[in-house]
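Please read the structure below before turning to the comments.
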Amino acid sequence: MATIEQTNPGGAPGAGHNDIRICDKCRHIRVKTMVSKLQKIAPGTEVKVGCKSYCGPCSRYAFVFINGRYVTAPTEDEAVEKARRFVK
C-alpha cells in the first residue's frame, strides 16, 4: 500500500494545516510585524488578515485566532508566544 504525503507550497510535509487569523483593526498590533512573527512560528501557513468581530477584547489586548482558539495578551510579542503552543 502506498503512502501519500501532503505538502504545502513551502514544501514541508504536514505544514500549513494551521488556521491563523488576525484583525487589521486591532490597536495593539502592527499587521506587518505580526504576520512576520506568526509565519516564523508556523512556516508555510497563510495568516489571514481581516476583522474577526472580536471588538471588545480586541480594543484591550493584542490577539491571535489560532486553530479555533482566541489567544490574548497585553503585547504583540506575548500574544505570539502564547499562540506558539497551539501551532500544529
Side-chain angles (χ1 to χ4, degrees):
M1 180 173 266
T3 302
I4 299 173
E5 197 171 78
Q6 293 182 338
T7 59
N8 67 357
H17 295 288
N18 293 292
D19 180 21
I20 302 177
R21 302 170 191 215
I22 60 173
C23 181
D24 56 343
K25 306 288 188 226
C26 183
R27 294 183 287 175
H28 300 282
I29 66 167
R30 290 190 338 250
V31 172
K32 188 175 181 178
T33 59
M34 184 70 138
V35 168
S36 172
K37 291 172 186 177
L38 291 168
Q39 287 176 336
K40 284 182 184 175
I41 67 168
T45 299
E46 177 188 354
V47 177
K48 297 177 182 99
V49 179
C51 181
K52 293 295 300 153
S53 297
Y54 197 60
C55 299
C58 183
S59 68
R60 295 186 304 270
Y61 304 103
F63 85 92
V64 178
F65 178 82
I66 181 166
N67 298 323
R69 295 176 177 91
Y70 282 100
V71 177
T72 62
T75 68
E76 181 178 303
D77 289 332
E78 290 173 289
V80 171
E81 280 306 309
K82 282 180 150 183
R84 183 182 302 272
R85 69 180 136 160
F86 299 110
V87 173
K88 292 180 185 176

Excluding sequence neighbours, so at least two apart, what forms salt bridge (charged side-chain N to carboxylate O under 4.0 Å, His left out) with E81? R84
Show the nearest heavy-atom pair for residues K52 and C23, with the distance to one decimal. N-SG, 4.3 Å
With distance as the sole test, does E76 use its side chain to make a donor-acceptor pair with the main-chain N or O of R30 at under 3.5 Å? yes
Determine the minimum heavy-atom distance between N18 and A42, stating which atoms define it. ND2-CB, 3.9 Å
When rounded to the nearest 0.5 angstrom, what distance separates SG in C58 from NE2 in H28? 7.0 Å
Separation of R69 CZ from R85 CZ (nearest 0.5 Å): 9.0 Å
Rounded at 0.5 Å granularity, tell me how far CD1 in I20 sits from CG in N67. 6.5 Å
Among pairs that include at least one residue of residues 69-88, which meet ring-ring contact (aromatic ring centres under 6.0 Å, His included), considering only residues two or more places apart or in two chains? Y54-Y70, F63-Y70, F65-Y70
Is M34 reachable from Y61 through a run of I, L, V, M, F, W or Y residues, each pair having side-chain heavy atoms under 4.5 Å apart? no
Closest heavy-atom contact between K82 and A73? CD-CB, 4.1 Å
If you round to the nearest 0.5 Å, how far is CD1 of I29 from CG of D77? 11.5 Å
Euclidean distance, I66 CD1 relative to R21 CZ, rounded to 0.5 Å: 12.0 Å
Partners passing salt bridge (charged side-chain N to carboxylate O under 4.0 Å, His left out) against D24 (at least two apart in sequence or in another chain): none
Counting N and O atoms only, with roles assigned by atom type, does the side chain of K48 sit under 3.5 Å from a partner on the main chain of D19, one being a donor and the other an acceptor? no
Closest non-hydrogen contact found for A79 with V71 is O-CG1, 3.8 Å
